[in-house]
Structure formats: structure tokens, C-alpha cells
Undergrad: 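The structure follows.
Protein chains get the first letters and strands the later ones, always in sequence-line order, with residue 1 at the start of each. Note: hydrogens, waters and symmetry copies are ignored here, and every other heavy atom, side chains too, is used.
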Amino acid sequence: MRLPCVLARGTPPSRAPQTPVVYSPFPFGSAGSELDTISRMPACVQTENLTKCYGSVVAVSGLNLSVRDGEVFGLLGPNGAGKSTTLCALCGLIRPTSGSISLFGKDLRRNFLEVSARMGVMVERPAFYNHLSAKRNLDLLARLSRREITVDRALDRVGLLPVAGKRVGAMSHGMRQRLGIAQALLTEPDLLILDEPTSGLDVESTQEILRLLRFLADEAKVTIIVSSHMLHEVETLCDRVAIMNQGRLLACADTDVLLSFDTSQAEVLVDAPEAAAKRLAAQPWVESVTIQPGRIHVKLQGASVHQLTAFLVSAGYRISGVIPRRRTLQDYFIKVLNS
Amino acid sequence: MISPILVLAILGADFVQQEFDGVIPYEPAPYGTPEKGKGFRLGDFNGDGASDVITKDFLLLQLGGGFPRQGQRPLPNFGGRAAGDLWGQDLYFLLSDRLEIVRWSGDTWQRVLSQDMSWPRTGLVSQLAGSPQDNSVSFASFLFDVDGQGTPEVILPAEDGVHIYRRNGAFYEAAGTLLASLPPFTLENAGDVTLWPQKRRALSPPRQTRTFSFSLREQQVCLAYASPVAGGMVQHRLCHYPVLPGKDGFSLGPEPALDTLSKPVPAGVSALFLNGDDVIDLCQTQVTSMTTSTVPVPVLDVSLSTNGGETFTTLRSVTLTTTPRFADMNGDGLLDFIGERTALFDGGLRETLLRAMSRRRVDHEVRVHLQSAARGFSASPLFSHLFAVDLDKAPLHQSPLFMRYTRGSLVNMQGDFDADGFLDAAIQDRPDRIAVYRGSQSGFETVPYAAITLTAIESFCVADLNADGRADVLADAPVPGAPDRPSRTSIFLMKGGAP
Amino acid sequence: MIPRILNAYLVECLKAMRAKSTYLGPVLAVLLSMLAPLIHPITDDSGSAYAFIAFTTPMVLNLLGLLLVLTFCAGLVSSEMGSGTIRLVLVRPLLRHEFLLAKLLLGMTYAALLTLLVGVSTWTVAAIQGRLAGVVFGGEMLHTSSEMLKAYVLGALLGLAPQFAAAAFAVMVSTLARSTGAAVGAAVGVWIVCDTLKYPLRIAPFLFSTYMESPWQVFTTYCEGLESSWTPSLYYCLASSLGAIVVFTAVAVVSFNRRNIQA
């Protein structure tokens with residue numbers, strides 16, 4: 001299937017309707033128990049007890065990961081968490097110390113040729129033959145893939161077609177980054193593995209790339225694994241995220257669930273915030289109340305927002321709005337790391 | 001690999017070492033001659049049938065099959081520098097002004113003759129002048145029985161001819177100078193001239209040269225010389241003049257008994273005797289370096305003709321020596337050519353440098369080209385054999401052993417150690433070892449037939465000292481534990497071993 | 001596997017052809033060959049032109065050429081490793097040993113190209129400045145021009161064996177090093193150390209580097225106006241070169257397969 005070449009500029013498209021979640025990611029259970037469930041599902045990428053050691057340093061430890069077909073999977077973690085090592089192992093650049101990796105249901109090592117033909121990879125800082133033009137670089141890589149490939153199309157997707165003849169050595173970091181994505185898209189892969197794909201890109205380019213990736217996942221059903229530090233990008237792009245630290249998988253959850261409304265907290269736009277806060281603080285089902293200009297922030301304890309609204313209305317306050325608090329990935333991330 | 005020592009034990013061949021306090025001043029046999037050594041003479045001095053050795057200092061009597069210390073006797077002192085030669089049991093000593101003849105008798109030297117002589121002052125005698133305190137002896141060849149009467153004449157080549165002294169009764173007397181037969185002078189280019197101003201005009205006459213080879217064989221004088229012919233070529237001439245005894249002395253016959261001419265050959269070709277026939281043998285040696293190599297590989301091209309220049313066979317040696325090596329390998333009376341190839345320069349510039357810096361061992365190939373009476377020298381060798389020589393240090397260090405290797409002194413092909421009629425190879429293949437490899441028509445054996453071990457051998461020579469048909473070895477080495485003392489010669493007599 | 005290797009080899013060739021540095025070595029070799037008459041003049045003698053060829057070809061190939069092959073091949077994998085471009089290649093449908101063999105083929109092509117260029121340039125110079133009408137000695141034609149050409153071509157072909165072994169050695173070093181500089185330094189350094197120690201350690205007979213000039217001996221002796229035959233050193237040359245190619249390639253494949261490619 002051919003993909004659209006140029007994406008309209010604007011805000012990133014919203015994620016497609018999610019597939020039903022069959023496990024409960026929140027509150028956090030152990031990653032292992034979650035993945036016991038996942039492992040029984042059809043997966044595009046699956047690792048079992050993936051471990052990579054460099055001497056006495058354990059970079060990745062007993063990683064069990066499952067990425068479903070067509071989903072955009074985010075890999076989060078602080079520096080040194082083992083994200084890049086995991087991605088490198090997934091694309092065969094690193095030989096695991098133990099454990100197994102299967103892509104498209106096949107063992108990576110035994111079926112590398114078959115599997116790698118369906119894979120597009122950009123890991124770490126993309127490097128090219130600096131003395132060659134962007135087009136020549138992709139030409140050579142296309143030859144290695146032994147497929148009839150239109151290089152121009154890949155360049156066009158990342159907006160580099162106008163500078164296709166430019167020497168890579170003379171390109172900016174952002175252009176190289178986009179070229180890196182172009183080479184990953186060269187063979188129209190079924191699986192994209194991208195390490196920090198928007199690193200070094202300006203805001204506009206970042207939006208473009210994110211839109212492109214979302215489009216690939218939604219329309220072309222490309223499975224995408226992305227690692228990033230940019231939590232808001234991951235929020236925007238990924239269907240599911242996993243958090244790693246010190247080589248271990250700490251948590252894995254659907255982004256929709258993570259970003260759902262938190263009904264135990266609400267912002268209330270009320271006409272007399274101080275008085276309302278005073279009344280509410282006296283209630284046993286209210287944990288805390290914070291006054292802000294023109295509104296109050298209420299943390300509930302075992303009560304619902306409906307109960308809160310009913311109480312304030314019955315108390316004679318005029319309410320212009322009740323906004324349940326929306327969860328953020330950052331909250332989740334910090335909470336996971338702290339836990 | 002079978003241990004060489006085990007092989008030696010099985011064969012039963014071994015050397016018996018005889019130590020000797022002093023040095024036998026032997027020299028390696030010169031190339032192109034079948035002579036075994038120059039620094040000593042062999043003879044049966046005490047009449048016991050066993051060959052004794054006389055050196056410049058001592059008479060070494062062979063006792064009980066060896067040369068024990070108790071058989072060493074000093075030479076008589078004549079109060080001056082002397083040149084010695086042996087004839088039968090008589091030792092002739094030529095001094096600057098007299099002739100001394102001594103004989104070993106009754107365990108002492110008996111003076112047979114002491115005669116004042118007026119020798120020609122040039123040639124051999126000129127080397128004998130010196131202080132009376134210098135009573136050193138060197139050996140030379142000046143005795144020859146010209147008239148075939150059994151008594152040797154004293155032959156002294158000098159600038160004005162070859163002087164002959166014959167015995168008349170108890171004394172020697174001058175018996176002529178062989179000069180008339182010598183080849184004519186050749187005029188070379190004129191020397192420097194001054195033409196003007198006319199008062200200072202001076203003309204230098206051309207130099208006159210005369211180069212010839214003179215030898216006495218039987219009762220004939222053999223004269224070989226080259227005459228220039230057209231085209232810058234030369235023609236070699238070999239004349240045999242009969243020596244005619246007369247009342248006033250010896251003279252040459254008016255007509256040569258043999259007069260042969262070679263074909264015109266280039267000027268660098270020289271005549272020599274490589275067999276017993278009357279045809280002039282010719283040899284041209286050319287020291288060049290390979291034009292095809294990045295390393296200046298020294299090449300000795302030897303062109304040989306045994307048919308008077310009709311045809312030449314060019315044999316190439318890759319060697320650091322500059323003279324060809326001949327030996328009668330198969331004992332047929334014809335000198336065979338020993339080609340050599342040193343592996344010092346194998347493999348180009350890089351390998352040569354590496355070996356020069358770091359390799360102690362050098363591979364040395366010996367190729368034996370036989371001479372046949374009908375066909376001359378064979379272009380392809382009868383066999384070749386690769387010897388490995390340990391030079392003690394890498395060539396770059398220019399160790400004494402390496403310097404001797406460059407002179408060809410580590411390889412000696414003059415001895416028949418197993419008395420089978422085919423010469424064997426004595427190779428100093430280690431600083432402290434001389435190994436003997438038996439030779440045959442099929443080549444040299446790969447394991448030593450016998451070996452000599454002596455700390456830091458400085459030089460060696462091969463000769464049949466005890467006249468038992470088997471070659472023996474003389475080797476010089478420092479006295480163990482006394483580095484300041486002069487080196488000592490050891491005699492190694494070949495014993496046992498089936499040929 | 002073979003089509004993939006050939007495809008990768010083609011890609012490697014294209015990459016090399018696009019790099020200016022690739023041409024530096026051949027240009028140097030050709031220049032040296034053409035300037036060689038300054039060191040070894042060609043005269044009118046019948047064998048002089050051939051002697052020039054016999055002098056120049058092994059000299060250029062075994063001194064400069066060897067260094068060029070080592071330098072070029074040592075950078076083949078290490079440069080990709082150092083710059084990170086190897087990550088682009090190794091995620092493609094190509095096995096690591098296939099990639100390595102393609103690199104080795106490229107190195108061998110480079111060595112062969114050097115031999116070809118040096119051969120053509122030396123013969124051209126010899127033909128222009130001298131006579132290539134066979135080797136004549138004493139008026140007798142010892143070796144005709146076609147015999148000389150055959151001996152040369154055979155020498156050149158056989159001379160590729162140690163050159164290929166050198167390429168395999170450098171590629172092996174290249175897979176073990178992290179950067180081009182380290183690889184070139186290690187390749188040349190190890191070569192020098194091995195060469196320096198090979199005689200004291202008595203391993204020289206087993207090393208192909210000892211026999212770099214052996215293949216040229218027939219042509220050389222023909223030039224000297226002598227008969228020649230293939231000597232044992234040539235067989236040692238072929239055997240040690242072949243052995244070295246196998247061993248170096250095997251070590252390179254094993255080490256490269258086990259290597260983690262990460263920045």
C-alpha cells in the first residue's frame with residue numbers, strides 16, 4: 001500500500017480509537033503479571049527474559065515486552081535505563097546475553113533476513129556517508145535491501161526531496177534526523193524502530209514527523225516502537241508506553257488509560273471560592289481544598305464529583321464549571337519511578 | 001626428527017680431538033686449486049709410516065694415531081725470517097741470505113745444509129728481510145724437481161725472470177734464469193704529456209706490462225698469457241717449453257712442446273687449469289648485482305670454457321664472495337664448479353632488511369656442477385643442497401662469523417671424510433660447531449655424518465693430517481677461560497664410520 | 001547467500017568509487033611506476049626494459065602497494081563502525097558475514113586493481129622508453145616477448161595471493177578496532193611487529209609475508225637471462241596465503257558476529 005507523501009501542517013492528528021484494553025494498567029501491578037497476559041496475545045514484537053550485560057554491568061535485565069501489530073509503542077526511561085540497548089537488540093545490532101526476541105512471530109536471530117526485510121530502523125544518532133548526497137545514500141541502502149524502491153518517495157515524506165542532491169556532510173542536524181527517518185521508511189516497513197526520532201528537530205518538523213508516524217500507524221498499520229525523552233510527544237503519539245529504569249521494565253500501560261480523567265480531583269469554578277472552600281473543608285469526604293483565583297481545587301476522599309457538585313449547589317453557591325483533573329504521562333512517569 | 005647425535009652414534013663416525021698449544025697458521029684452501037691448506041706441511045718425519053704435521057712453530061709427530069702433546073717438537077731457530085717448504089723428510093728454509101736444510105733424526109733436528117746464497121732481491125726473498133729477532137716461519141712453495149733427478153731445485157720467481165738453483169754435490173748453485181720464453185711486453189696507453197710551451201715539452205712513453213701465468217709441470221714450463229687481437233679481444237696462449245738441463249744451467253727448449261691458442265675472447269677472460277688436458281681452460285668472473293631486484297643482490301657470474309673458448313657455460317652464484325669455488329667432487333681429476341646461493345637477499349627489500357636486522361640463521365645453497373671431459377661444465381647442477389648456518393648474530397651486527405661467511409670460509413668442500421672418493425661438505429653451521437655432511441652422486445646427506453663442537457670456532461681447515469685417506473679438521477678457538485690468551489688450534493682426526 | 005554478497009559487494013564498490021580517498025593509492029602507485037625510470041633507467045639493451053619491469057612491479061606492489069592495501073582494508077569496517085554508518089547497513093536484510101565478505105571482496109578488488117594499474121603503467125613506460133622484444137643474450141633469443149608477458153601475468157596472478165592475504169588480515173583488524181585510525185595503526189603496527197619478530201620467533205616460514213616476492217621470481221630470472229622453475233617458496237607462498245585468508249576471514253567473521261554495534 002502506498003502512503004501519502006505530504007502531510008498537512010497543523011496540530012498532530014488525534015490517536016485512532018483504541019483497541020479494548022484487556023488488562024488493568026492502573027493502579028500499577030507488577031510488569032511481569034501484566035505481560036503474562038500480554039504474552040498470550042498475538043504480538044509483532046516480543047521479548048522473553050531479554051538480558052544484556054556488558055561485563056559486570058547489566059544494561060537490560062529480564063525484559064519481557066510485547067508490542068502488538070499496528071500499535072505505536074513508546075519506550076520511556078531516564079538516561080541509562082536501557083532503552084537504546086533494547087532497541088538495538090530488537091533490530092539485531094546487539095547480541096543479547098540471554099533471552100529471546102521474536103519479531104512477527106519469528107525468532108530474530110534465526111530469521112534475521114526475513115525479519116529485517118520488514119523492518120525500518122533508526123537507532124541513536126543517524127549517521128550517513130557524508131561525502132555522498134542524501135539521495136545517493138538512500139540509493140545505496142535501497143540496493144542493500146534488494147527491493148524496487150523509490151528513494152524520492154521516502155525523501156518526500158520527510159520533506160527532503162528539494163535537497164536530495166545535497167551532500168549529507170553539509171546538512172544540518174535536523175535534516176540528518178529527517179534523513180534518518182527517511183532511510184527507515186525506505187522499504188515501507190511493517191515495523192519501525194525509532195530511537196529519539198524528533199531529537200534535534202524544530203517544533204514544526206517535530207509535528208510533521210509525529211503526524212507522519214501516526215499516519216503510518218493508523219493507515220498503513222505499521223507497528224512503531226519509539227523511545228523518547230519528550231513525554232508530551234509520547235503522549236500524543238503512542239498507544240501504549242513502557243517505562244524502563246536500570247535495565248528493568250517497571251510498568252507498561254495504555255496511554256488512553258493513563259491520560260483518562262481523575263475523578264477524585266476537580267477544579268470548581270465557583271462565585272465565592274473562600275467560603276465554599278471553608279464549607280468543603282469541613283466535610284469528611286473532602287481530603288483537601290486549595291483556593292485559587294476564581295476557583296477551588298478539591299481532592300476527594302471516597303466521594304464522587306457528582307456528590308461534590310450536589311453539595312455546592314445545595315449550599316447555594318453558583319457554579320460555572322466543574323472540571324475533573326486529567327492525568328498526565330509525567331505524573332505516571334514520576335510515580336512509576338518513585339515507586 | 002632423528003637426532004644427529006643418534007645418527008652419529010649409529011654410524012660410529014666421530015672425531016678425536018687433539019689439542020695443541022699454539023696456532024697452526026693454516027689458510028682456507030684458495031679457490032680454483034685442489035690444495036688443502038697452506039699453513040702447514042705433511043710428511044713422515046720419524047719414518048714410522050704415519051703422517052706427521054709440521055707447522056710454523058712445531059713438528060707434530062703422529063703417535064698412536066693422534067697428535068699428543070708429547071709428540072710436539074719445536075722447529076729450529078735460524079735467527080731470521082724464513083720461508084719453508086718440505087721435500088720428503090727434508091725441510092728447506094729460505095732465509096734472506098742463505099739456505100738451510102734440516103731433517104728430523106734421532107728425536108732432534110739435524111742440519112743437512114747451511115749455505116750462504118745470493119738470492120734475487122725481488123719476489124719471495126724480498127719478504128724475508130727483517131730483524132734477526134724476527135724468526136718467524138711461513139710456508140711457501142719453492143721446491144720443484146725440474147730435471148726429474150729426484151733432488152729438488154729451488155725455484156724463485158723474480159722481476160727479472162724465474163731463477164733456478166740446483167744441487168751440485170753438497171751445495172746449491174745458480175742454474176739459470178728462465179726469461180727468454182716469457183711473453184713480450186704489451187704497450188699500454190701513453191702517460192701524461194706536456195706539449196707546450198715547447199721548452200717544457202715532455203713525452204711519456206707508454207707503460208709496458210706483461211701478465212702471464214707461469215707454472216712448472218713435470219719437466220716443462222707452462223706459460224699462459226693473453227695477447228691482444230682485433231676488436232678489443234684477447235687470445236690466450238698456452239705454451240709448454242721443455243726445460244733442458246745444461247752445463248751452465250737450465251734453459252728452455254727453443255720450440256714449445258705444446259703451443260695452443262684459444263679463440264679470441266673478451267679481455268676479462270682469464271686462463272686457468274681446470275683439468276689435466278692441454279686445452280686452455282678459460283674463465284670469466286663478473287661480479288654484478290641483479291638488475292631486477294630492489295636490493296643490490298651480489299651476483300657472481302662465472303663463464304667457463306674447457307675447449308679453448310669455443311663454448312662457454314655461464315653459471316651464476318648469488319654470493320658475497322668474489323671468486324669462484326672449484327673442487328674435484330667425484331675424484332675424476334676434473335675440477336667441478338661449486339655454485340652457491342645465499343638466501344640473505346631472498347624476498348625483496350623488506351625481507352632482506354628484516355633478515356639483516358633479526359635473523360641469525362642464513363640458508364646457504366650449494367650447487368655442484370660436474371665437469372665432464374667431453375662436455376665441460378653442466379649447466380644444471382648434479383645436485384643442490386641447502387645448509388642452514390647460524391651466524392650467531394643477525395647480519396646487521398657484522399659478527400666475525402658473518403664476516404667469515406661473506407668470505408666463504410664457513411663452507412669447505414675439500415675433504416673426503418668417509419674415504420668414499422666423493423668429497424664431503426664441512427660446514428661451520430653454528431658458532432661452536434662444524435658439521436660434516438657426506439656427499440655422493442645423489443647429493444649431501446641431510447643429517448651430519450660427524451660433528452665437531454668447540455667453543456667459538458674462529459676458523460677451520462680440512463686436510464688429511466694423518467694420511468689415512470680420511471680428511472681431518474683443524475680448528476682455531478679461544479682457550480676456554482682465558483679470553484686474553486691467543487686462540488688455540490685443535491686437531492680433529494676422523495675416526496671410524498663406514499664409508 | 002551469494003547474490004546477497006555480490007549485491008553488497010556492488011554497493012561497497014559504489015561507495016568506494018564515490019570516495020576520493022580510494023583513488024589516492026592507485027594514483028600514487030601509478031606515479032611511482034612512471035617515475036621509476038629515475039631510479040632504474042631503461043637502456044637500449046634487450047633485457048633492460050624487462051629488467052625495469054621486474055624491478056618496478058614488485059617494488060611498487062610490495063612496498064607501497066602493501067601499505068596501501070593494509071590502509072585501505074583496515075578502514076573498510078572500522079570507518080563504518082566509527083562513523084556509525086554500519087548501523088544503517090546491518091539492519092538491512094544482509095547477514096554480518098555476508099557484509100564482511102563483501103568488504104573483503106572489495107579489499108581484494110582494490111589489491112587486484114593496484115596490481116593491474118602498476119602492471120599497465122610499468123609495461124607502458126617500458127614500451128615507450130625501451131624495447132620489449134624478448135630477452136636476448138649473446139645474440140640468442142632466450143625468452144620471447146610473449147613468454148615474458150606470460151611469465152609476468154602468471155607472476156601477477158600468483159602475486160595476488162599474498163596481497164589478498166594482506167587484505168584479509170587488514171579486514172580482520174578492521175573488525176576488531178573501533179576507529180579507522182586505530183585499525184590502520186593496528187594493522188600496520190601488527191604487521192611490522194610480526195615481521196620484526198618472525199625470524200627470532202622462527203615463524204617466518206609459516207607467514208605469507210615472507211613470500212611476497214616469490215611469485216615474481218620466474219619473471220625476474222627470465223629477465224636475468226636465466227632459466228627458472230617454480231621453487232618451493234612459491235608453493236609456500238600460495239599455501240601460507242590461502243591459509244592466512246581462511247584464518248583471518250574466520251576470525252573476522254566470528255568476532256564481527258559477536259560484536260555489539262552500539263554508539
Undergrad: Do you know which of Ala379(B), Ser358(B), Gly348(B), Ser380(B) has the most heavy-atom pairs under 4.5 Å to chain C?
TA: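 Answer, by heavy-atom pair count under 4.5 Å with chain C: Ser358(B).
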Undergrad: With side-chain contact (heavy atoms from CB on, under 4.5 Å) as the test, would you mind laying out the steps for Glu213(C) and Glu351(B) before giving the verdict?
TA: CA-CA 9 Å; Glu213(C) 293 213 4; Glu351(B) 285 302 309; over 6 Å; no
Undergrad: For Tyr236(C), is the OH atom crowded, meaning more than 12 foreign heavy atoms sit under 6.0 Å from it?
TA: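 Not more than 12 within 6.0 Å, no.
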Undergrad: What's the spacing between Met290(B) CE and Thr221(C) OG1 if we round to 0.5 Å?
TA: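 Reported to 0.5 Å precision, the distance equals 8.0 Å.
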Undergrad: Among Pro58(C), Ser48(C), Ala51(C), who wins on heavy-atom pairs under 4.5 Å with chain B?
TA: Ala51(C)
Undergrad: Checking an interface table here. Which of residues 60-74 of chain C come within a heavy-atom distance under 4.5 Å of chain B?
TA: Asn62(C), Leu63(C), Leu66(C)
Undergrad: Can you say whether Met357(B) sits under 4.5 Å from chain C via the side chain, the backbone, both, or neither, judging by heavy atoms?
TA: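 It is neither, since no heavy atom gets under 4.5 Å.
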Undergrad: Chain B contacts: which residues in residues 191-203 of chain C have a non-hydrogen atom closer than 4.5 Å to it?
TA: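 Residues Trp191(C), Asp195(C), Thr196(C), Lys198(C), Tyr199(C), Pro200(C) are the ones that qualify, each having a heavy atom under 4.5 Å from chain B.
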Undergrad: Quick check on Arg361(B) against chain C: is it the side chain, the backbone, both or neither that has a heavy atom closer than 4.5 Å?
TA: neither
Undergrad: Please check this pair: side chain of His40(C) against backbone of Thr291(B), looking for a donor-acceptor N/O pair closer than 3.5 Å.
TA: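 Yes, because the side chain of His40(C) sits within donor-acceptor range (under 3.5 Å) of the backbone of Thr291(B).
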Undergrad: Measure Met59(C) against the heavy atoms of chain B and call it side chain, backbone, both or neither at under 4.5 Å.
TA: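 Looking at Met59(C), backbone and side chain both touch chain B.
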Undergrad: Measure the CZ-OG1 distance between Phe219(C) and Thr292(B) for me, rounded to the nearest 0.5 Å.
TA: 9.0 Å
Undergrad: For the candidates Thr56(C), Thr220(C), Thr210(C), which exhibits the highest count of non-hydrogen atom pairs separated by less than 4.5 Å from chain B?
TA: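 Among Thr56(C), Thr220(C), Thr210(C), the one with the most close pairs to chain B is Thr210(C).
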